[in-house]
2 protein chains.
Amino acid sequence: MPELESVIRKLEALDHRITPSRVAVIAAVLAQSGHFSVEDVLRQARAVGRATVFRTMRLLTDLEIVCRVLLEDGSLHYRVSRRGHHHHLVCVSCGNVQDLDECAVAGLVRELAAATEYEIEGHWLEFYGRCASCRSSLALAAKA
Amino acid sequence: MPELESVIRKLEALDHRITPSRVAVIAAVLAQSGHFSVEDVLRQARAVGRATVFRTMRLLTDLEIVCRVLLEDGSLHYRVSRRGHHHHLVCVSCGNVQDLDECAVAGLVRELAAATEYEIEGHWLEFYGRCASCRSSLALAAKA
DNA sequence: ATAGTTATGATACCTGGTATCAGTGAGACG
DNA sequence: CGTCTCACTGATACCAGGTATCATAACTAT
């Protein structure tokens, strides 16, 4: 989990100004556990203007400090990120997110490019399921 | 491309009422080429209430008459659908969509389930790239 | 200290989507 | 053909995510 300090140093290194608003938003983001919506950040950084929160979220996304998590219904959430390109496995019951380190479709992308004459630049891939603990509590509930 | 008539028969068969509003929305949807936003449908079916348009879009999605297309920025569009489960390859330049018939991650899903103890229920997969014709016009523009 | 640029935040707006709820009309049944 | 009922409608208000505008504030290099 990155520290506030290290994120700030990263911004400085890229010639972004360190302002109280930005620090507040970053602190709010780092305080989240799991994935969260912009609304969560807005609530936790009430003093900061709406537009600034969105601007900072975009900045953090561009710097790969957070990544976007696509939920099953198409809504976007965010998540503090530790890696470069990766995918997610989201538990639809408890919301827990498992990071999948390797990009599983790199080979596929090459095949597709050859088959379609597209130059493939990116992709979205997210998996949804039910984690082991949610499955067992479901089984218990069914028995009762 | 399904015809208005056949969509209506499909609704009837599933005990949904055929109303002028629904017919108007379905006609507007079938008139779209490529992928489109709900806004496009709202514009083309102005007489129909906003809520009804959304309700009908959900109905059509549930019946797999349209499918959702996830754009690179996370926004959802719709597209008249001819198949069951499939994925898309979207040209980021002209917006053209190529349907990918086979689900490329079915094998992956099995591997993942074994590795993570999740019961995997679904996934999102979309590819983005540049189609052959957009690539060649880009090359021409660069030369000029 | 100050200049120059970047960031802010209030506000208004856009898009997608849902909740509510009184009113209407499709279509089944007689 | 009438009528009953339930599914459907649409106005409205709301929520969430996100952008545009623009006058004002403030960071930081000099």
Side-chain angles (χ1 to χ4, degrees), chain A residues 7-29 32 35-63 65-79 95 124, chain B residues 4 7-29 32 35-63 66-79 95 124:
Chain A
V7 174
I8 289 177
R9 260 178 270 126
K10 205 162 175 177
L11 288 189
E12 272 175 339
L14 292 161
D15 284 325
H16 295 288
R17 294 188 178 166
I18 308 308
T19 67
S21 297
R22 276 187 178 160
V23 173
V25 172
I26 294 168
V29 164
Q32 305 295 321
H35 55 93
F36 53 91
S37 64
V38 184
E39 213 57 19
D40 295 326
V41 179
L42 282 169
R43 257 193 297 277
Q44 216 160 111
R46 274 197 209 85
V48 181
R50 182 180 170 67
T52 297
V53 170
F54 279 101
R55 280 189 287 242
T56 307
M57 287 311 294
R58 175 203 281 266
L59 187 61
L60 294 178
T61 307
D62 290 348
L63 299 186
I65 287 160
V66 300
C67 57
R68 298 184 300 172
V69 180
L70 178 68
L71 300 192
E72 211 167 11
D73 63 358
S75 68
L76 276 180
H77 273 211
Y78 294 84
R79 174 175 166 81
W124 259 116
Chain B
L4 185 57
V7 174
I8 289 176
R9 258 177 274 125
K10 205 161 176 177
L11 287 189
E12 272 175 339
L14 292 160
D15 284 324
H16 296 289
R17 293 189 178 167
I18 309 307
T19 67
S21 298
R22 276 186 178 162
V23 174
V25 173
I26 295 168
V29 164
Q32 306 295 321
H35 54 93
F36 53 90
S37 63
V38 183
E39 213 56 20
D40 295 326
V41 179
L42 282 169
R43 257 193 297 278
Q44 219 163 109
R46 273 196 211 84
V48 181
R50 180 183 171 67
T52 299
V53 170
F54 278 101
R55 282 189 283 243
T56 307
M57 288 311 295
R58 175 204 280 267
L59 187 60
L60 294 178
T61 307
D62 289 348
L63 299 185
V66 300
C67 57
R68 298 184 301 172
V69 179
L70 178 68
L71 300 192
E72 212 168 10
D73 63 359
S75 69
L76 276 180
H77 274 212
Y78 293 86
R79 173 176 169 79
W124 259 115

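The figures that follow rest on heavy atoms only: side chains count, while hydrogens, waters and symmetry mates do not. Owing to the predicted nature of the structure, the values given are computational and were not obtained by experimental measurement. Chain identifiers are assigned alphabetically (A, B, ...) following the order of the sequence lines, protein sequences preceding nucleic acid strands; residue numbering begins at 1 within each chain.
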Pull out every protein N or O sitting under 3.5 Å from an N or O of nucleotides 23-25 of chain C, one pair per line with the distance.
{"residue": "C:dG25", "atom": "N2", "partner": "B:Arg17", "partner atom": "NH1", "Å": "2.8"}

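For D:dA16, the OP1/OP2 oxygens have no side-chain nitrogen or oxygen of A:Ser75 closer than 4.0 Å. For A:Ser37 and D:dA16, the shortest distance from a side-chain N or O to OP1 or OP2 is not below 4.0 Å. Between B:His16 and D:dC8 there is a side-chain polar atom (N or O) within less than 4.0 angstrom of OP1 or OP2. The shortest distance between the side-chain N/O atoms of B:Arg55 and the OP1/OP2 oxygens of D:dC8 is not below 4.0 Å. Within the structure, a side-chain polar atom (N or O) of A:Tyr78 is placed less than 4.0 Å from OP1 or OP2 of D:dG18.
Across all strands, B:Thr52 comes closer than 4.0 Å to base atoms (heavy-atom distances).
Going from atom NE2 of A:His77 over to atom P of D:dA16 covers 11 Å, rounded to whole Å. Atom pair A:Arg22:CZ and C:dT6:C1' shows a separation of 8 Å (rounding to whole Å applied).
Closest to the A:Thr19 side chain, of the nucleotides D:dG18, D:dC27, C:dG17, is D:dC27.
At least one donor-acceptor pair closer than 3.5 Å links the side chain of B:Thr61 to the backbone N or O of B:Met57. A donor-acceptor distance shorter than 3.5 angstrom exists from the side chain of B:His35 to the backbone of B:Gly95, with no hydrogens or angles considered.
Interface residues of residues 38-51 of chain B facing DNA chain D, ordered by number: B:Val48, B:Gly49, B:Ala51; criterion, heavy-atom separation under 4.0 Å.
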